[in-house]
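Both backbone and side-chain heavy atoms feed into the values below; hydrogens, waters and symmetry mates do not.
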Number of protein chains: 2
Amino acid sequence: MKLNQATDYAFRAVLHLSCLPRGRVVEARLIAEEQKIPMRFLLKILRLLTLAGIVESYRGVNGGYVLARAPAEITMLDVVEAIEGPIKINRCLIAPEECSRRAVKHCPVHKTLFSIQQALAGEFKKRNFQELCESAK
Amino acid sequence: MKLNQATDYAFRAVLHLSCLPRGRVVEARLIAEEQKIPMRFLLKILRLLTLAGIVESYRGVNGGYVLARAPAEITMLDVVEAIEGPIKINRCLIAPEECSRRAVKHCPVHKTLFSIQQALAGEFKKRNFQELCESAK
DNA sequence: CCATTAGTATACCATTTAAGTCTACTTTAT
DNA sequence: ATAAAGTAGACTTAAATGGTATACTAATGG
């Protein structure tokens, strides 16, 4: 029931970018130093954020990363899912075949967990990086 | 961001007991068979539930487990915490010393995660085993 | 056009955690 | 006394986590 360290780093990296003037490209190295994230590990995280369309990357001299859209349009859920994939709090919700048919049919636990999962996703979705950046000031 | 398999088993074990006539003592073996939980593993889980005061155990012939209180008084949060300990979605909330002072002071991420954590715990707390048992029928 | 800077792609590694099993022991009813 | 049932804790295997290393590609600018 815990977020990855990578997700925590991702929050901080996206927050860092969110607090910069819109459109400013910044190298991974600077984010790593500023946010105290191991450089190589951060690069992996930034790759995931890029693939998820949260940031854009530029290679070569003067390269780096920028937010792909306005901070207000990026939620914590976007970031969590970019790093960890869709939120699934329960094994059976991921692989229903792991539950015996009996369990699935008779066990209300799974239905309930699903609704809790939805609520949790909703909480992450409520928070965007413009707000986060404002409360950082 | 996922519950342990053990927690899922625990839900099912407590649900099983919740649906029995009040005060009925039942051996682990029966729960294991009925709920398709590996016997030895279930025993470990029941031990945790016992220590948490959710079930009571009786040793020896005709021994087994009973709920320690009414199903309506047992929430999913009780069970989650019995198995996994207090809900902590973020590393830094567990071990604040792992965050640099800088992060803690300047980073609104941690404050936000804490409020999400509270919401999540609230969701688990809302659900009790009387309700679960009723929806099992 | 090539040297430098910066991101990309993979493979690798060490630790920790999860899930489950094994052996030996204690308690209790009959 | 014996069999049934829970308790204790060491042990095992596999996967996930967190991080590193190596080699590559792309872009810029002198």
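Of the possible polar contacts, none joining the A:R69 side chain to the A:V55 backbone as a donor-acceptor pair under 3.5 Å is found. Of the possible donor and acceptor atoms, none in the side chain of B:T7 sits under 3.5 Å from a partner among the backbone N and O of B:L3. Remark: the backbone N or O of A:I89 is paired with a side-chain donor or acceptor of A:Q117 at under 3.5 angstrom. Judged by distance alone, the side chain of B:R91 and the main-chain N or O of A:K2 form no donor-acceptor pair under 3.5 Å. The closest donor-acceptor contact from the side chain of A:N4 to the backbone of A:A6 lies at 3.5 Å or more, if one exists at all.
Look at CG on A:D8: it is 16 Å from C1' on D:dG19, rounded to the nearest Å. With rounding to whole Å, B:L49 atom CG is found 14 Å from D:dG6 atom C1'. Rounded to an integer number of Å, the gap from CZ of B:R91 to C1' of C:dT16 is 10 Å. Atom CE of B:M39 is separated from atom P of D:dA4 by 12 Å (rounded to the nearest Å). What separates CG of B:L48 from P of D:dG6 is a distance of 15 Å, to the nearest Å. With rounding to whole Å, B:L43 atom CG is found 9 Å from D:dA5 atom C1'. Here the P atom of nucleotide D:dA8 and the NZ atom of B:K44 are 13 Å apart, to the nearest Å. C:dT27 atom P lies 17 Å from atom OH of B:Y58, rounded to whole Å.
Considering only side-chain N and O atoms, B:N4 lies under 4.0 angstrom from the phosphate OP1 or OP2 of C:dA19. The side chain of A:S57 contributes no N or O atom lying less than 4.0 Å from OP1 or OP2 of C:dA6. Under 4.0 angstrom from either OP1 or OP2 of C:dA9 there lies at least one side-chain N or O belonging to A:R47.
Ion pairing between B:R127 and B:D78 fails under the 4.0 Å rule for side-chain N and carboxylate O.
Minimum atom distance to the side chain of B:F41 is reached by C:dT21, of the listed C:dT21, C:dG7, D:dT20. The side chain of B:E27 has D:dA5 as its nearest neighbour among C:dG20, C:dT8, D:dA5.
Pairs of residues two or more places apart, or lying in two chains, that qualify as ring pair (Phe, Tyr, Trp, His ring centres under 6.0 Å) and include a residue from residues 6-43 of chain A are A:Y9-A:F41.
Axis orientation changes by 0° from one end of the helix from C:dC1-D:dG30 to C:dT30-D:dA1 to the other, with each end axis drawn from 5 pairs and the value rounded to 10°.
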In B/S/- notation (B base, S sugar-phosphate only, - none; protein heavy atoms under 4.0 Å), nucleotides 22-30 of chain D written 5' to 3' is B--BBBB--

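Grouping the Ile, Leu, Val, Met, Phe, Trp and Tyr side chains by contacts below 4.5 angstrom, directly or via other members, places B:V66 apart from B:F129.
Separating the CD atom in B:E131 from the OG1 atom in B:T75 is a distance of 10.5 Å, to the nearest 0.5 Å.
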